[in-house]
Colleague: 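Before we start, here is the structure in question, set down as structure tokens.
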Amino acid sequence: MAAAAASCLARSLRPRPVFGARKVQAVCFPVIQLHTTGAAMRVSQADFEKAKDQLKLLKKDPGNEVKLKLYALFKQVTEGPCTSPKPGMLDFVKKAKWDAWNSLGSLSKDNARQQYVELVSDMVSSESSSQARDSTPDNKHGYETLHVTTKDNITKIMLNRPEKKNAITTQMYREIIQALEDAAKDDSVITVITGNGDYYCSGNDLNNFTNIPAGGMEKMAKDGAVLLEEFVSHFIDFPKPLIAVVNGPAVGISVTLLGLFDIVYATDRATFHTPFSELGQSPEGCSSYMFPKIMGLSKANEMLLFNKKLTAGEACALGLVTEVFPDRAFQREVWMRLKAYANLPKNSLALSKQLIRSVEKETLHAVNCQECERLKERWLSDECMNAIMSFFGKKSKL
Ligand SMILES: CCCCCCC/C=C/C(=O)SCCNC(=O)CCNC(=O)[C@H](O)C(C)(C)COP(=O)(O)OP(=O)(O)OC[C@H]1O[C@@H](n2cnc3c(N)ncnc32)[C@H](O)[C@@H]1OP(=O)(O)O
């Protein structure tokens, strides 16, 4: 135990390069390139007029910084350097515009025109590439066990092994890690995890414990614990609002992780089952800490020690689920709501989520580490091996 605690402490002090070091970026403005020489690069008055027309067609608000830059360049092209008197401090809008124009100093009309046209051209191509991305929500990155799309500011990570009730293989753990890393960096405002088919997820794929590697059971348990810790860490550190759309029954790790989501919407068909004792295992996904915190100790014990399966209504009453929807209206109502949420300001949402979670982060990493240490031992126990053999034994008798 002491060795396990020391190893957890050492790991918790290790720098986590995943999301921790990366702050959510402010809106990224197009880079304006200065071309001061070279007749070939000069843009004409006709190009300038065309850029003005293109600007009117843009759908996305580029933000105040870009709007001020455009204003300043436009004034410089049409009127030359700023000579009007500086507005008073309290006239914020006029002062910001004056500052932007005045900051161009004696920039020539030709160069100002050049910059204006380039800026508009960058905005047009940025908008058309994001439209192309939105209108082709194909599976990203060639994932084999997931279907990942980004549309309407929402990155949707869909577990995609419906014939196996979306049981999570080692490949799928790795792909979910990759998908979360990508979603943290992409343009989306919120990230959703859901399942394909009638199940949300049947938990860890029990075949993960039957493919014994060359190094034997010990190596399998050690590698499993490392992968599990990394997997759960990605949920702890995920920087944007993370939403579970629980489209059907959920088992094992897919339930325990719910405490690390920011919102959990469930169909009334969903059930929530953590049969760890039956399997000779122990809780993970930080549920040994989050479940008592969310639902109180005795209700958490019924689930985590005594395998009590909850209905969606019960899970909602205990605070594990945010809201339950009738199955027939589930997809329509949930996605309508999520689309509205995804129109809220991206950075404000991300920073607020990080504030809410930051107080607990170190604790959660320590809990994750301890849970993985305990499971590493459990996976080598007779209790666990017998339970897994029994699952496959029952199947073979059918
Ligand atoms: C390497 C890192 C390891 C990290 C481990 C982290 C610790 C995690 C712990 C857990 O998640 S514990 C929970 C594990 N899950 C289970 O015990 C569920 C087992 N499955 C079932 O009890 C049932 O399959 C079901 C989910 C209740 C569904 O029953 P139903 O009768 O409706 O369907 P089935 O015919 O049983 O399933 C269809 C098909 O899918 C296969 N399957 C389902 N779940 C799993 C699973 N978890 N692992 C492996 N395979 C699973 C099932 O065997 C069927 O396969 P076929 O017979 O059609 O080949």
Side-chain angles (χ1 to χ4, degrees), residues 145 159-177 193 195-213 215-236 244 246-260 269-288 290-291 303-311 367-381 383-398:
T145 64
L159 313 178
N160 196 21
R161 296 182 73 222
E163 70 293 348
K164 298 288 179 190
K165 311 293 181 192
N166 298 320
I168 311 178
T169 57
T170 47
Q171 178 186 7
M172 197 161 171
Y173 284 108
R174 294 203 183 91
E175 290 192 357
I176 295 171
I177 289 173
I193 297 191
N196 189 9
D198 60 341
Y199 256 68
Y200 173 64
C201 174
S202 62
N204 183 49
D205 189 311
L206 296 171
N207 287 295
N208 290 337
F209 298 122
T210 57
N211 303 321
I212 318 278
M217 295 291 287
E218 280 75 15
K219 168 121 176 65
M220 189 192 73
K222 196 169 160 219
D223 291 351
V226 169
L227 178 58
L228 179 62
E229 191 184 344
E230 189 189 353
F231 177 74
V232 175
S233 286
H234 277 70
F235 286 83
I236 299 172
V246 184
N247 56 297
V251 185
I253 190 164
S254 70
V255 177
T256 56
L257 280 175
L258 293 176
L260 299 176
R269 231 175 23 79
T271 51
F272 299 83
H273 192 203
T274 50
F276 300 125
S277 310
E278 266 170 27
L279 290 167
Q281 298 190 36
S282 50
E284 24 51 11
C286 294
S287 59
S288 61
M290 287 304 292
F291 276 24
M303 282 192 84
L304 297 177
L305 301 184
F306 300 113
N307 313 308
K308 181 173 181 189
K309 190 195 282 188
L310 300 186
T311 63
V367 169
N368 181 24
C369 182
Q370 279 176 5
E371 289 177 343
C372 293
E373 284 295 328
R374 178 51 44 86
L375 269 172
K376 193 164 71 180
E377 300 157 13
R378 288 279 82 215
W379 290 330
L380 297 174
S381 70
E383 288 177 343
C384 180
M385 286 180 205
N386 291 340
I388 289 162
M389 282 191 312
S390 151
F391 173 73
F392 289 109
K394 273 187 213 143
K395 262 181 61 163
S396 62
K397 282 192 207 107
L398 290 175

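Counting starts at 1 for both ligands and their atoms, following the listed order.
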Colleague: Does the side chain of T145 pick up a donor-acceptor pair with the side chain of Q171 at under 3.5 Å?
Modeller: no
Colleague: Quick one: does ligand 1 sit under 4.0 Å from the side chain of A167, the backbone, both or neither, non-hydrogen atoms only?
Modeller: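 The answer is the side chain.
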Colleague: Who gets closest to atom 41 (C) of ligand 1 by heavy atom: K164, E229, E230?
Modeller: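 Result: the heavy atom closest to atom 41 (C) of ligand 1 is in K164.
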Colleague: Using distance alone, determine whether N204 and ligand 1 share an N or O pair under 3.5 Å.
Modeller: yes
Colleague: List ligand 1 atoms under 4.0 Å from S202, heavy atoms only on the residue side.
Modeller: 14 (C), 15 (N), 16 (C), 18 (C), 26 (C), 43 (C), 44 (N), 45 (C), 46 (C), 47 (N)
Colleague: Of D205, T169, N196, which is the lone residue that meets side chain to side chain donor-acceptor pair (under 3.5 Å) with R161?
Modeller: D205
Colleague: Thinking salt bridges, do E383 and R378 make one under a 4.0 Å N-O criterion?
Modeller: yes
Colleague: Taking non-hydrogen atoms only, is E284 closer than 4.0 angstrom to ligand 1 via side chain, backbone, both or neither?
Modeller: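 Side chain only.
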Colleague: Is Q281 close to ligand 1, meaning an N/O of one under 3.5 Å from an N/O of the other?
Modeller: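 N/O-N/O distance below 3.5 Å does not exist for this pair.
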Colleague: Of the side chain and backbone of T170, name the one, both, or neither that has a heavy atom under 4.0 Å from an atom of ligand 1.
Modeller: side chain
Colleague: So, is I253 polar-close to ligand 1, with some N/O to N/O distance under 3.5 Å?
Modeller: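 N/O-N/O distance below 3.5 Å exists for this pair.
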Colleague: Could you pull out the closest heavy-atom pair between P275 and V251, with the gap in Å?
Modeller: CD-CG1, 3.9 Å
Colleague: Which ligand 1 atoms does Y173 reach within 4.0 Å, using its non-hydrogen atoms?
Modeller: 2 (C), 4 (C), 5 (C), 6 (C)
Colleague: So is there a nitrogen or oxygen of G203 less than 3.5 Å from a nitrogen or oxygen in ligand 1?
Modeller: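 Between G203 and ligand 1 (N or O atoms, distance only) the closest approach is not under 3.5 Å.
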Colleague: Out of R161, K165, E163, M172, who is nearest to atom 30 (P) of ligand 1 when you count heavy atoms only?
Modeller: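 Result: the heavy atom closest to atom 30 (P) of ligand 1 is in K165.
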Colleague: Would you confirm whether N166, through its side chain, and Y199, through its main-chain N or O, come within 3.5 Å as a donor-acceptor pair?
Modeller: yes
Colleague: How long is the span from the CD atom in E284 to the CG atom in N204, to the nearest 0.5 Å?
Modeller: 8.0 Å
Colleague: Does any N or O in the side chain of E229 come within less than 3.5 Å of the main-chain N or O of C369, such that one atom is a donor and the other an acceptor?
Modeller: no
Colleague: Would you call K376 and E373 a salt bridge, using N to O less than 4.0 angstrom?
Modeller: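 Between E373 and K376 there is a salt bridge, with a charged N closer than 4.0 Å to a carboxylate O.
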Colleague: Using heavy atoms and a threshold below 4.0 Å, how should the contact between F231 and ligand 1 be classified: side chain, backbone, both, or neither?
Modeller: neither
Colleague: With distance as the sole test, does S277 use its side chain to make a donor-acceptor pair with the main-chain N or O of L305 at under 3.5 Å?
Modeller: yes
Colleague: Please work out whether the ring planes of Y173 and F231 are parallel, tilted or perpendicular, with thresholds of 30° and 60°.
Modeller: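 Y173 and F231: perpendicular rings.
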Colleague: Does ligand 1 have a heavy atom under 4.0 Å from the side chain of F392, from its backbone, from both, or from neither?
Modeller: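 Neither; no heavy atom under 4.0 Å.
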Colleague: Hey, which atoms in ligand 1 end up nearer than 4.0 Å to a heavy atom of Y199?
Modeller: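 Those atoms are 25 (C), 26 (C), 27 (C), 28 (C).
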Colleague: Need the ligand 1 atom indices (1-based, order shown) with element for anything under 4.0 Å from a heavy-atom of L279.
Modeller: 12 (S), 13 (C), 14 (C), 17 (O)
